[in-house]
Amino acid sequence: MFLFGKQKTPKEVLRENQRNLNKSMREIDRERVNLQNQEKKIILDIKKMAKQGQMNSAKIMAKDLVRTRYHIQKFYEMKTQLQAVSLRIQTLQSTQAMAEAMKGVTKAMITMNRQMNLPQFTKIMMEFEQQSDKMDMKEEMMNDTMDQVMEQDGEEEQSQEILNQVLDEIGIDLASQLVDAPTTVGTSVASKHQVNSG
């Protein structure tokens with residue numbers, strides 16, 4: 001607790017200044033409108049005095065009109081300056097917000113960098129690679145062992161014997177077909193030749 005109350009944050013100070021500027025610009029606009037209304041009234045009075053031939057009074061009012069228009073112009077200039085200040089305050093607010101965001105991101109990055117142990121990470125990756133290589137070698141050895149176990153002596157002869165049994169059951173002699181096939185074709189060609197010769 002502070003002696004004279006809670007200290008305002010920069011964001012609160014900027015917001016308060018922005019409110020004050022907006023209030024000042026509204027007051028300037030209000031005064032300018034009053035002066036413009038007064039300007040119209042003075043013009044009407046000048047015309048009225050001129051019609052009545054009261055030229056001295058018309059000249060005095062003309063001077064008032066000049067001063068009134070001068071003040072109106074000054075109010076326009078003051079509002080323009082306040083708008084420029086207001087824009088600068090809005091820019092400061094945006095910059096402040098961006099700084100706060102960057103501050104939060106920076107804290108997060110610092111925390112992550114502290115938690116990230118690069119040597120430990122490198123060691124973990126090397127161990128992973130070693131274990132992966134070991135697993136590949138063991139898998140290859142297991143596959144070779146399984147192939148050796150599954151491969152039995154005389155497997156080709158046994159499979160041919162089974163095939164022959166199946167063919168015998170359906171009445172097909174595979175050996176005789178393989179031997180007789182060219183002879184049959186040759187005999188057929190010879191028979192045709194004899195027929196053509198006859």
Side-chain angles (χ1 to χ4, degrees), residues 1-26 79-192:
M1 288 294 294
F2 292 91
L3 184 60
F4 299 104
K6 184 179 178 182
Q7 186 179 12
K8 294 181 180 180
T9 64
K11 185 177 180 179
E12 290 173 343
V13 172
L14 289 173
R15 188 182 298 114
E16 183 177 355
N17 289 333
Q18 185 68 48
R19 285 197 300 265
N20 292 333
L21 281 172
N22 291 334
K23 181 180 179 182
S24 297
M25 284 189 287
R26 287 194 300 268
K79 182 178 180 181
T80 301
Q81 292 176 355
L82 290 179
Q83 285 176 335
V85 174
S86 176
L87 180 60
R88 293 180 63 182
I89 289 180
Q90 289 178 1
T91 303
L92 287 174
Q93 288 178 336
S94 300
T95 305
Q96 179 70 20
M98 182 176 63
E100 291 294 331
M102 291 179 66
K103 181 179 179 181
V105 172
T106 302
K107 286 183 178 179
M109 292 175 66
I110 291 174
T111 303
M112 291 299 297
N113 286 328
R114 286 177 179 174
Q115 293 178 353
M116 185 178 295
N117 190 333
L118 187 58
Q120 184 179 6
F121 177 77
T122 304
K123 181 180 178 181
I124 292 173
M125 293 305 298
M126 291 178 64
E127 290 179 354
F128 174 81
E129 185 175 0
Q130 291 176 0
Q131 295 301 323
S132 179
D133 291 341
K134 286 182 181 180
M135 182 175 293
D136 290 341
M137 291 177 61
K138 289 183 178 181
E139 184 177 358
E140 185 175 354
M141 292 174 64
M142 290 175 62
N143 290 334
D144 292 342
T145 303
M146 290 179 64
D147 290 341
Q148 291 176 4
V149 171
M150 297 299 294
E151 184 178 355
Q152 300 175 356
D153 295 336
E155 182 177 343
E156 183 66 26
E157 290 79 3
Q158 291 180 13
S159 61
Q160 185 62 42
E161 182 178 352
I162 292 173
L163 179 60
N164 290 334
Q165 289 178 358
V166 172
L167 293 176
D168 288 341
E169 290 177 2
I170 60 177
I172 298 177
D173 187 355
L174 181 61
S176 63
Q177 279 197 352
L178 292 175
V179 173
D180 294 342
T183 306
T184 305
V185 173
T187 305
S188 176
V189 173
S191 300
K192 288 182 179 180

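Fair warning: this is a prediction, and the values are worked out from it, not measured in the lab. Numbering of residues begins at 1 and proceeds along the displayed sequence.
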Contacts table for residues 118-125: side-chain donor-acceptor under 3.5 angstrom, sequence neighbours left out:
unit_1 : atom_1 : unit_2 : atom_2 : d
Thr122 : OG1    : Leu118 : O      : 3.0

As an exercise, state the distance from CE of Met141 to CE of Met137, rounded to the nearest 0.5 Å.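 Answer for the CE-CE pair, Met141 versus Met137, is 7.0 Å.
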Contacts of [X] that satisfy side chain to side chain contact (heavy atoms under 4.5 Å, CB included) - sequence neighbours left out:
X: Leu82; result: Leu21, Ser24, Met25, Ile28
X: Gln115; result: Thr111, Met112
X: Glu16; result: Lys8, Arg19, Asn20

Which pairs pass side-chain hydrogen bond (donor to acceptor under 3.5 Å, both in side chains) with one or both residues in residues 128-138, sequence neighbours excluded?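 Those involving residues 128-138 do not exist here.
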Could you list all the side-chain hydrogen bond (donor to acceptor under 3.5 Å, both in side chains) pairs where at least one residue sits in residues 82-108, not counting sequence neighbours?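 Sorted pair list: Gln18-Ser86, Gln96-Glu100.
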Tell me whether Glu140 at atom CD has more than 12 heavy atoms from other residues, nucleotides or ligands lying less than 6.0 Å away.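 Count not over threshold, so no.
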